[in-house]
Amino acid sequence: MFRLPWILLLAVIALGCAHAQWEIETSNTTADLRGIHSVGNGVAWASGTNGTVLRTEDSGYVWQTCAVPAGAEHLDFRGVQGFDANTAVVMSSGKGDLSRLYKTTDGCHTWKLIFTNPDADGFWDAIQFSDREQTSSSHEANGVLLGDPVDGVFAIFITQNGGDSWTRWNENDPKHLPKAANGESLFAASNQAAVMPGSNGSFAFVTGGTQSKIYLAFSSKSLGFISGPSAGAFAIAARRFSGSASADFMVVGGDYAKPDSPGSSAFISSPRFVIGSRGFSRPNTPPHGYRSSVAYDAGTKSWITVGPNGTDISTDDGKNWRPVHPNAALQETSGADRNWNAISLPFVVGPHGRIGKLNPAALER
């Protein structure tokens, strides 16, 4: 029997076992995708331009094109939150009543308009439901909806019934409403400008523009990110502790008008965090470009962040980020590391209907 030299044999084995970090999937759409939410057990929802909503029940093997909500054919669905294979809420972003929420309870065959922006000058940026209530009924889940400042105050709405009804947050206590500095706002790049629950309150959110801040309950802290109309903090993600209300947080951003300039990040250790320097750290090696979305992969104990020009991971809580590139020698898909808008592991989405699925082994190289 012919036998390969052992070095060549190892190379053949490597070729057979290695895969691209993002395995490109068939979405059957050319819409620009910005919303992605992996519910678990193979179920995930994605959303994008032209009223596009996609759903998978088999871990991405097939992505189903959902019915377009009536009157939403030209809406830009920047965020989606799923509860199970049948139930989800999708958010459109646009000025005034172009910001809307729709909900489905029958696997996206039909949709119900549940909320329209009451602020003529408003613009919605993010919708999040509590990630500690994944097993609760969708009719009881707590959620938060955030928008750009209106009359100098960030627009914030909350729900306690899975999005069926919404009220302004702290409307009876206006002194606690978070006020925005002139030119400070939110970014609707990946539906990750907010996280729920927050580190010491029901939610937290991050901003950009003339200032980049993290807002925690009734206090805020400067992140020190690059500033400008297209720059700041774009996304915040949590690493939850089992059996505890505490979590660590990672914030990422940069300047989307300069995607190849070094990105920004900050790690916040919430059990030790106070408004000051304690529990707050910036990177020695930042992400290698503007980053619009971030997530924690428990399997590899890594933070992973994505953007137009690439993918970075950190295994030391953001002290150092390293790029993850396709390996030509292993015949990995060219460009699989780039052109991404949003991440909800194991999935990532981008322009022109791009959907990828994470191969955790690629992060271990």
Colleague: Compute both the distance and the angle, then confirm whether K221 meets the cation-pi test with F280: under 6.0 Å from the six-membered ring centre, within 45 degrees of the axis.
Modeller: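 K221 over F280 ring: yes.
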Colleague: Taking 4.0 angstrom as the limit, do D119 and R168 come out as a salt bridge?
Modeller: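 Between R168 and D119 there is a salt bridge, with a charged N closer than 4.0 Å to a carboxylate O.
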Colleague: Do N50 and T52 get their side chains close enough for a donor-acceptor pair, meaning under 3.5 Å?
Modeller: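 On atom types as modelled, these side chains do not qualify, holding no pair under 3.5 Å.
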Colleague: Which heavy atom of S292 sits nearest to which heavy atom of N341, and what is that distance?
Modeller: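 Looking at all heavy atoms of both residues, the closest pair is OG-O, 2.7 Å.
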Colleague: Is the ring centre of F203 less than 6.0 Å from the ring centre of Y215?
Modeller: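 Ring-ring flag for F203/Y215: false, centres at least 6.0 Å apart.
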Colleague: Considering only residues two or more places apart or on different chains, which pairs with a residue in residues 26-52 satisfy salt bridge (charged side-chain N to carboxylate O under 4.0 Å, His left out)?
Modeller: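 Every candidate salt bridge (charged side-chain N to carboxylate O under 4.0 Å, His left out) pair involving residues 26-52 fails, so no pair, neighbours aside, qualifies.
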Colleague: Looking at every heavy atom in both A336 and W22, which two are closest together, and how far apart are they?
Modeller: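 It is O-CD1, 3.0 Å.
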Colleague: Determine, for W124 and R78, whether the Lys NZ or Arg CZ falls below 6.0 Å from the six-membered ring centre while staying within 45 degrees of the axis.
Modeller: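 Judged by the rule, R78 and W124 form no cation-pi pair.
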Colleague: Are L177 and F154 side-chain neighbours, meaning at least one heavy-atom pair lies under 4.5 Å?
Modeller: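 In short, these two side chains do not touch, never coming nearer than 4.5 Å.
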Colleague: Can you see which heavy atom on F187 is nearest to which on S230, and at what distance?
Modeller: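 F187 and S230 have their closest heavy atoms at CZ-C, 3.9 Å.
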Colleague: Under the ring-ring contact (aromatic ring centres under 6.0 Å, His included) definition, can you give me all pairs with a residue in residues 284-307, not counting sequence neighbours?
Modeller: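 Sorted pair list: F234-Y290, Y296-W303.
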Colleague: Aromatic contact between F115 and Y102, with the criterion being ring centroids under 6.0 Å apart: yes or no?
Modeller: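 They do not qualify: ring centres at least 6.0 Å apart.
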Colleague: Under 4.5 Å between any side-chain heavy atoms of E25 and S59, yes or no?
Modeller: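 They are not in contact (no side-chain heavy atoms under 4.5 Å apart), so the answer is no.
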Colleague: Could you tell me whether N284 atom CG has more than 12 heavy atoms of other residues or ligands within 6.0 Å of it?
Modeller: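 Count over threshold, so yes.
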Colleague: Looking at R322 and D312, does any basic side-chain N land under 4.0 Å from a carboxylate oxygen?
Modeller: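 Looking at D312 together with R322, the answer is no, because their closest N to O distance does not fall below 4.0 Å.
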Colleague: Under 4.5 Å between any side-chain heavy atoms of L186 and F123, yes or no?
Modeller: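 The answer is no, as the side chains (C-beta and beyond) never meet within the 4.5 Å cut-off.
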Colleague: Roughly how far apart are T104 OG1 and D106 CG, rounded to 0.5 Å?
Modeller: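 Here the rounded value is 4.0 Å.
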Colleague: Rounded at 0.5 Å granularity, tell me how far OG1 in T285 sits from CH2 in W321.
Modeller: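 One finds 11.5 Å between OG1 of T285 and CH2 of W321.
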